Amino acid sequence: MSAFGPFRLEVADRVAVATLDRPPVNAFDVAAYQGLTDLVDHVDGREDISVLVLAADESARCWCGGADLRDFRGMDAPRRKERYEVVNAAIPRLQSLRAPVVAAIGGHAIGIGVLLAAACDLRVASVDAGFACPEVDFGLIAGSSRLLNYLGVPEAQIREMTYTGRRLPAAALLASGFLNAAVPRDQVLPRALALAAEIAAKSRAVLRARKQAFVEHETMGWLDAYRLAQGLSGQLVTLPEARAGVERALGTGG
């Protein structure tokens, strides 16, 4: 087991589980953001990891309780800028990780927790988890709105979250398509691990190319995105697993 700031990492069968453990609510301070960046760099460099699951210690009151407000005591504009530089290195780094990431959201996701979840590829949440962007109450602007919009969360729902700071239930975000599943709390990690195992069984090279396409598609029009996918497919066409997949399909009448 390896540690990266408040994250501990365990790897088995090509699936890595990163568990956030920063009592009592898993709030993010600067060191946590740096730990996340280091964690992602480490995962990206390992050949035995195909999928990352982002979880929280089962004793935590939140999956991620937002920014650690102690960081903001006496903060001035230059210090806030310095903090943002660390934040802006961590979250995009997670979002661009070459391995697919499954969020196992076993508790509330608050503030940066919503953005953290949005930066993952897939999201399994506890039915009793709440999602909130309370930055409005602390003189801050929620940075998750554009990414939530890209992921299909309705604009009205995003504005309700960011203007009021009110916590929305998992059911509301399941209905909007932000979550892949909402299950009882004790089933969150098993469901996420099952999903990760299914993905990890696929070709690692293909998964990495597919993830690259998703990341780059976010800044493209549909036709450019389509052509990018074609180019990546062209690079993979000679892989043994690609050829085997075609032969299997043809052999079964696919």
Side-chain angles (χ1 to χ4, degrees), residues 1-22 26 28 31-58 60 63-64 89-106 116-125 180-181 183 186-218 228-229 231-249:
M1 183 169 65
S2 304
F4 300 87
F7 293 92
R8 59 178 185 268
L9 183 71
E10 300 174 87
V11 180
D13 300 324
R14 307 194 71 81
V15 174
V17 179
T19 304
L20 176 59
D21 187 12
R22 191 169 186 267
N26 286 334
F28 262 64
Y33 286 111
Q34 186 59 59
L36 178 62
T37 299
D38 294 341
L39 167 71
V40 173
D41 286 344
H42 176 81
V43 170
D44 233 358
R46 287 186 56 163
E47 297 296 318
D48 61 334
I49 297 175
S50 291
V51 183
L52 173 65
V53 175
L54 201 57
D57 189 85
E58 61 183 14
W63 181 69
C64 176
I91 302 301
R93 186 68 188 90
L94 173 65
Q95 190 263 345
S96 64
L97 174 64
R98 291 183 292 171
V101 184
V102 182
I105 307 169
L116 194 66
C120 297
D121 293 274
L122 303 167
R123 290 161 286 277
V124 177
N180 294 86
V183 298
D186 63 354
Q187 295 179 25
V188 170
L189 186 55
R191 181 70 171 269
L193 288 172
L195 190 56
E198 183 178 358
I199 296 169
K202 309 298 183 182
S203 162
R204 184 169 178 270
V206 175
L207 288 175
R208 285 195 164 198
R210 177 62 268 183
K211 179 63 180 282
Q212 178 187 345
F214 275 129
V215 171
E216 295 193 33
H217 284 179
E218 294 179 4
L228 172 68
L232 291 170
S233 294
Q235 296 170 25
L236 299 170
V237 70
T238 59
L239 286 177
E241 52 265 44
R243 289 176 170 171
V246 171
E247 293 304 320
R248 279 197 306 272

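None of these values were measured; they are calculated from a predicted model. Because only heavy atoms are used, hydrogens play no part in the values below, and waters and symmetry mates are left out as well, while side chains stay in.
Counting all heavy atoms, side chain and backbone alike, V188 lies closest to A125 at CG2-C, 3.7 Å. Residues A104 and L189 approach most closely at CB-CD1, 4.1 Å, considering heavy atoms. Taking all atoms of both residues into account, the shortest heavy-atom contact from C64 to F28 is SG-CD1, 3.6 Å. Of all the heavy atoms in V215 and S96, the pair that sits closest is CG2-CA, 4.0 Å.
Rounded to the nearest 0.5 Å, atoms CG (L116) and OH (Y33) are 8.5 Å apart. Summarising the geometry, atom CG belonging to D41 is positioned 13.5 Å from atom CZ belonging to R46; distances are rounded to the nearest 0.5 Å. Atom CG of L54 sits about 7.5 Å away from atom CG of L39, to the nearest 0.5 Å. The structure places CG of D44 at 10.5 Å from CG of L94, a figure rounded to the nearest 0.5 Å.
Taking the side chain as every heavy atom from C-beta outward, R14 and R204 approach each other to under 4.5 Å. Side-chain contact between T37 and F4 is absent, with no heavy-atom pair separated by less than 4.5 Å. Proximity of L9 to L52: side-chain heavy atoms (C-beta onward) are separated by under 4.5 Å at one or more points. Contact of the L36 side chain with the F7 side chain is registered, since non-hydrogen atoms from C-beta on lie closer than 4.5 Å.
The local environment of NZ in K211 is crowded, with over 12 non-hydrogen atoms from other residues, nucleotides or ligands closer than 6.0 Å. Open room surrounds CZ on R191; 12 or fewer heavy atoms of other groups in view lie less than 6.0 Å from it.
Listed for the D57 side chain is no donor-acceptor partner under 3.5 Å among the backbone atoms of T19. Between the side chain of R98 and the backbone N or O of S50, no donor-acceptor pair lies under 3.5 Å. Formation of a donor-acceptor pair under 3.5 Å by the N180 side chain with backbone atoms of R123 is found in this model. For D121 (side chain) and V101 (main-chain N/O), a donor-acceptor pair under 3.5 Å exists by modelled atom type.
Considering V183, I105, V53 as possible partners of V124, the one that fulfils the side-chain contact (heavy atoms from CB on, under 4.5 Å) test is V183. Of the residues listed (V17, L20, D21), the one engaging R8 in a side-chain contact (heavy atoms from CB on, under 4.5 Å) is D21, and it is the only one.
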